[in-house]
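Read the numbers this way: they start at 1 and go in the same order the structure lists the ligands and their atoms.
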Amino acid sequence: MSELTSLTIAEARQKLRAKEITAIELTEAYISAIDAANGRLNAYVKTTPDLARLMARKSDERIAAGKAGELEGIPLGIKDLFATVGVHTQACSHILDGFEPRYESTVTQNLWDDGAVMLGKLNMDEFAMGSSNETSYYGPVINPWRAGGSNQQLVPGGSSGGSAAAVAAHLCAGATATDTGGSIRQPAAFTGTVGIKPTYGRCSRWGTVAFASSLDQAGPIARDVRDAAILLKSMASTDAKDTTSVDLPVPDYEAVLGQSLKGMKIGIPNEYRVDGMPEEIETLWRRGIAWLKDAGAEIVDISLPHTKYALPAYYIVAPAEASSNLARYDGVRYGLRVDGKDIVDMYEKTRAAGFGQEVKRRIMIGTYVLSAGYYDAYYIRAQKVRTLIKRDFELAFDAGVDAILTPATPSSAFGIADENLAADPVKMYLNDIFTVTVNMAGLPGIAVPAGLDQKGLPLGLQLIGKAFDEETLFKTAYVIEQAAGKFTPAKWW
Ligand code: GLN
């Protein structure tokens, strides 16, 4: 049955509709694949095989009755950040120990309404804080990719590391993910998958555990551009329960795939050439430029002068919002409780035991930058920088640029427990250097695989678009995918 798990969503959809396969067969194939692989990859923190079978049977009934939804019978993995009724929703943190919500996130509800099947909850960095999936309470996820001739275990990126690894290893047909500073695009780049962070407001944040509310956006990680387009169409919606969700129709993203790039202007920002970036990334970028030129796009140099301030400003804004959002985990309402001699003691003991080191670091930074006397110097200043970053992009788009091409990450996947990174959290933060600007500006960004490095590991390119113009990103990413081909890891797990 292994060939069933190699079908893309588009292929499986076609075979399900033609009744060549059934949803229950497809679901059973994924359940077997997960059982065989998860011990090695640790992509899922909770599997829901009985629920998956129930949903798949209902899908088969709807298909038989001619009532199939857009994602009917498609088995998906869900990042542990999305609330799912009665099912493990712990943001991979110990503090949410045993939490099973009584409500469903809008994004997952949209997927189930379209007929998708839930395989389980995917591993991630604790509260989505991290770039390697190593801050998870449930242990690291192992990247299905390995360097040629090496058995070294690599990280899949983060925070959506479980989503990216599960998609790359064919342990789900597609996955939900979230991106606050790069958590969809960086793991997609590290695993040879496609990830899109849509415009802030495109997907509802309701029922998604909050990290930094002004930056958080949900999006899909998928095997190819078409599957990402199919998934985003279902995930996105206007939602009265999230006041930042935008009241705009959701286009048919698939319809733009294959359209010409003639007349389009692609901006190349000089500021995305950073010190110490491997030559191969530069080469990949040049190759991407050539592909888009060949497809009829005009390439123009642009300047985004405030880029260098994006990372430091992000690491003020994101922890500030996190410190506020995470104040609710006090041992009273959710998850873990460690008893104390009085209520304050109970709060302190619960939070000390429940949060991991990186989360504590963010809470401390956030509390510091929001405290009296430092608020103006740090938080307000970072917000001003944020406005300047946004303006850089606006000026480029006003000058006629349709999309911006950059590398997705400054390196390929690195090793688990890399000593260099463990010793200095700022080095880990540098992973997001090309992605955080996009969250700060609220714009859409897509990461698409564009080649392999000398070690045989995938590298991605990023396209950044105008607000609510995800269509241009899909159309352009599709051209890159056609030129670069698709990348699948050799199976060892
Ligand atoms: N790696 C970044 C961080 O640790 C971004 C995480 C994310 O996008 N959720 O904050």
Exercise for the section: Answer yes or no: is there a side-chain heavy-atom contact under 4.5 Å between Leu171 and Tyr44? Expected result: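 Touching, per the 4.5 Å side-chain cut-off.
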Practice task
Kindly indicate whether the side chain of Glu254, heavy atoms from C-beta on, has any atom under 4.5 Å from the side chain of Lys233.
Solution key: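 SC-SC contact between Glu254 and Lys233 ruled out.
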Handout entry: Residue contacts for ligand 1, heavy atom to ligand atom, distance under 4.0 Å
Key =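 Ligand 1 pocket, heavy atoms under 4.0 Å: Ala128, Met129, Gly130, Ser131, Ser159, Asp179, Thr180, Gly181, Gly182, Ser183, Phe211, Tyr314, Tyr315, Arg362, Asp432.
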Exercise for the section: Test the Arg273-Trp285 pair against the cation-pi criterion, namely NZ or CZ under 6.0 angstrom from the six-membered ring centroid and within 45° of the ring axis. Expected result: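 Because its charged atom sits under 6.0 Å from the ring centre and within 45° of the axis, Arg273 does stack over Trp285.
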Handout entry: Residue from Asn420, Leu421, Val426 passing side chain to side chain contact (heavy atoms under 4.5 Å, CB included) with Asp424
Key =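 When side chain to side chain contact (heavy atoms under 4.5 Å, CB included) is applied between Asp424 and each of Asn420, Leu421, Val426, only Val426 qualifies.
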Problem - Arg205 with Asp216: basic N within carboxylate O range, under 4.0 Å - result: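 No, this pair does not count.
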Problem - Main-chain N/O of Thr208 paired with Ser105 side-chain donor or acceptor, under 3.5 Å - result: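 Not a single qualifying donor-acceptor pair exists.
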